[in-house]
Number of protein chains: 2
Amino acid sequence: MISGTDIFLDKTDLAILRLMQANARITNADLARELDMAPSAVLERVKKLEQRDVILQYTARLNPAAVNQKLLAFISIKSSEGMGSNHTALELAKVPEVQEVHHIAGEDCYLVKVRTADSASLMALMRMTLSRIPNIISTRTTIVLETVKEEQQLVIPEK
Amino acid sequence: MISGTDIFLDKTDLAILRLMQANARITNADLARELDMAPSAVLERVKKLEQRDVILQYTARLNPAAVNQKLLAFISIKSSEGMGSNHTALELAKVPEVQEVHHIAGEDCYLVKVRTADSASLMALMRMTLSRIPNIISTRTTIVLETVKEEQQLVIPEK
DNA sequence: GATGAAACAATTTAGTT
DNA sequence: AACTAAATTGTTTCATC
């Protein structure tokens with residue numbers, strides 16, 4: 001769960017976030033040099049950003065093709081469960097190949113992003129895993145032919 | 001550009017990827033302890049994984065709400081350019097608020113993932129930035145009401 | 001490819017302002 | 001919240017197998 005209490009970030013915090021978003025393996029010493037601060041002061045700020053759930057994770061972005069995950073698809077899923085329940089979404093979220101589950105406005109359904117080795121393994125996933133989740137009424141699968149950009153970088157405000 | 005030459009990853013490489021995907025700030029010494037190897041051997045492998053573009057980036061995943069990016073939307077964009085050209089996609093990719101641009105099958109259009117502060121700033125972005133990109137025929141915007149899962153973690157094969 | 005050793009650098013804690 | 005100082009730990013190179 002993500003902190004609901006309000007979060008105040010000053011110029012220094014935002015600079016730390018900008019640097020760590022661009023390179024999570026930057027040393028604390030290099031961060032301190034960039035910010036013209038003592039390493040101990042920077043370390044304390046980083047720990048607080050982690051505690052406050054401003055920084056959620058440090059992760060290596062991998063080339064999907066290198067680890068045999070060449071197929072990317074988006075699936076629109078309609079569920080018969082009433083509003084207020086999101087059991088279907090939670091079940092979808094448990095599937096490791098499912099990277100994203102969003103509840104979307106308008107069409108009253110979920111948008112799911114899935115990555116598998118190829119179209120055969122996507123079919124297998126849909127038959128074996130998705131079809132076992134209750135309340136799914138329909139699915140519409142869109143295959144990605146080519147990805148031109150895929151980053152999670154957020155635009156960090158100036159202040 | 002991502003390496004086109006084929007990539008062979010052994011069990012040790014895959015273990016490194018699994019560990020660094022989960023925590024990009026793991027120390028090289030800790031990696032070496034997990035793998036029962038000398039730190040120097042692990043360091044050499046990590047450098048090769050970076051060089052071969054298996055590891056694309058180390059990044060901190062940030063809480064979008066903490067940096068005032070509360071709105072997430074997917075936009076389907078139809079372009080009049082012929083197949084073979086992807087000028088529109090490249091222009092879309094240049095926009096910092098655009099996190100993803102995928103060319104999708106079937107409807108002959110792009111699927112774009114965008115993050116902004118709120119719906120007013122999304123409107124402003126569409127009017128000021130997207131409307132200046134040539135060849136865009138139509139857009140259909142879907143607003144995300146709630147995100148249940150959003151990770152980029154890939155399923156790393158066993159071997 | 002992997003190792004061990006060694007020089008150098010970073011991390012992290014504690015005490016102080 | 002920030003600093004300095006100091007002890008511990010990690011990084012990285014290089015010679016060797």
Side-chain angles (χ1 to χ4, degrees), chain A residues 2-63 65-68 156-159, chain B residues 2-63 65-68 156-159:
Chain A
I2 278 164
S3 166
T5 57
D6 252 1
I7 280 164
F8 297 100
L9 302 174
D10 66 12
K11 223 185 73 193
T12 305
D13 289 325
L14 295 171
I16 291 170
L17 296 178
R18 224 173 275 117
L19 289 162
M20 297 201 88
Q21 186 176 235
N23 175 20
R25 281 183 75 78
I26 188 172
T27 65
N28 188 57
D30 278 343
L31 268 182
R33 277 187 283 266
E34 292 275 358
L35 302 169
D36 270 308
M37 285 173 73
S40 52
V42 175
L43 185 64
E44 199 179 344
R45 277 176 178 267
V46 170
K47 282 183 172 168
K48 278 183 188 157
L49 291 167
E50 293 167 0
Q51 275 173 219
R52 293 195 283 171
D53 282 320
V54 176
I55 296 174
L56 303 176
Q57 188 191 21
Y58 302 104
T59 187
R61 281 208 307 129
L62 308 180
N63 182 339
V67 291
N68 193 36
I156 312 287
E158 304 270 305
K159 47 167 242 157
Chain B
I2 280 165
S3 167
T5 57
D6 254 0
I7 281 164
F8 299 101
L9 302 174
D10 66 12
K11 225 184 72 194
T12 305
D13 289 324
L14 295 171
I16 291 171
L17 296 178
R18 225 173 274 119
L19 289 161
M20 297 200 87
Q21 187 176 235
N23 175 19
R25 281 184 76 76
I26 188 172
T27 65
N28 189 56
D30 279 342
L31 267 182
R33 276 187 283 267
E34 292 276 358
L35 302 168
D36 271 309
M37 284 172 74
S40 52
V42 175
L43 185 64
E44 199 180 342
R45 277 176 179 265
V46 170
K47 283 184 172 167
K48 278 184 187 158
L49 291 167
E50 293 167 359
Q51 274 174 221
R52 293 194 284 171
D53 282 322
V54 176
I55 295 173
L56 302 176
Q57 189 191 18
Y58 302 105
T59 187
R61 280 208 308 129
L62 308 181
N63 182 339
V67 291
N68 193 35
I156 313 287
E158 304 271 304
K159 46 167 244 160

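All chains are named by letter (A, B, ...) in the order of the sequence lines, taking the proteins before the strands, and each is independently numbered beginning at 1.
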So, do A/V42 and A/V46 sit near enough that their side-chain heavy atoms are less than 4.5 Å apart?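 Contact flag for A/V42/A/V46 side chains = yes.
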
Could you tell me if the side chain of B/L56 sits less than 4.5 Å from the side chain of A/L62, heavy atoms only?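 No; the side chains remain at least 4.5 Å from each other.
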
Heavy atom of residues 25-41 of chain B under 4.0 Å from DNA chain C: which residues?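 Within this stretch, B/M37, B/A38, B/S40, B/A41 sit under 4.0 Å of the strand.
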
Hey, does the side chain of B/T59 reach the backbone of A/A22 with a donor-acceptor pair shorter than 3.5 angstrom?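 Flag not set: sc B/T59 to bb A/A22 has no pair under 3.5 Å.
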
Tell me, please, which residues at least two apart from A/K48 pass salt bridge (charged side-chain N to carboxylate O under 4.0 Å, His left out).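 Applying salt bridge (charged side-chain N to carboxylate O under 4.0 Å, His left out) to A/K48 gives A/E44.
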
Whole Å only: how far is the [atom1] atom of [X] from the [atom2] atom of [N]?
X: B/E44; N: D/dA15; atom1: CD; atom2: C1'; answer: 14 Å
X: B/R45; N: C/dG1; atom1: CZ; atom2: P; answer: 7 Å
X: B/L43; N: D/dT13; atom1: CG; atom2: C1'; answer: 10 Å

How is A/K47 classified with respect to the nucleic acid when contacts are heavy atoms under 4.0 Å: base, sugar-phosphate, or nothing?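 Answer is sugar-phosphate: A/K47 comes under 4.0 Å of backbone atoms only.
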
Residue pairs, two or more places apart or on separate chains, that pass salt bridge (Lys or Arg N to Asp or Glu O under 4.0 Å) and touch residues 14-32 of chain B: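 As it turns out, the salt bridge (Lys or Arg N to Asp or Glu O under 4.0 Å) pairs with a partner in residues 14-32 of chain B, which skip direct neighbours, are B/D30-B/R33.
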
I'd like to know whether A/L14 forms a side-chain contact (heavy atoms from CB on, under 4.5 Å) with A/E158, so could you lay out the CA-CA distance, the side-chain angles of the two residues, the decisive distance to 0.1 Å, and finally the verdict. CA-CA 7 Å; A/L14 295 171; A/E158 304 270 305; over 6 Å; no

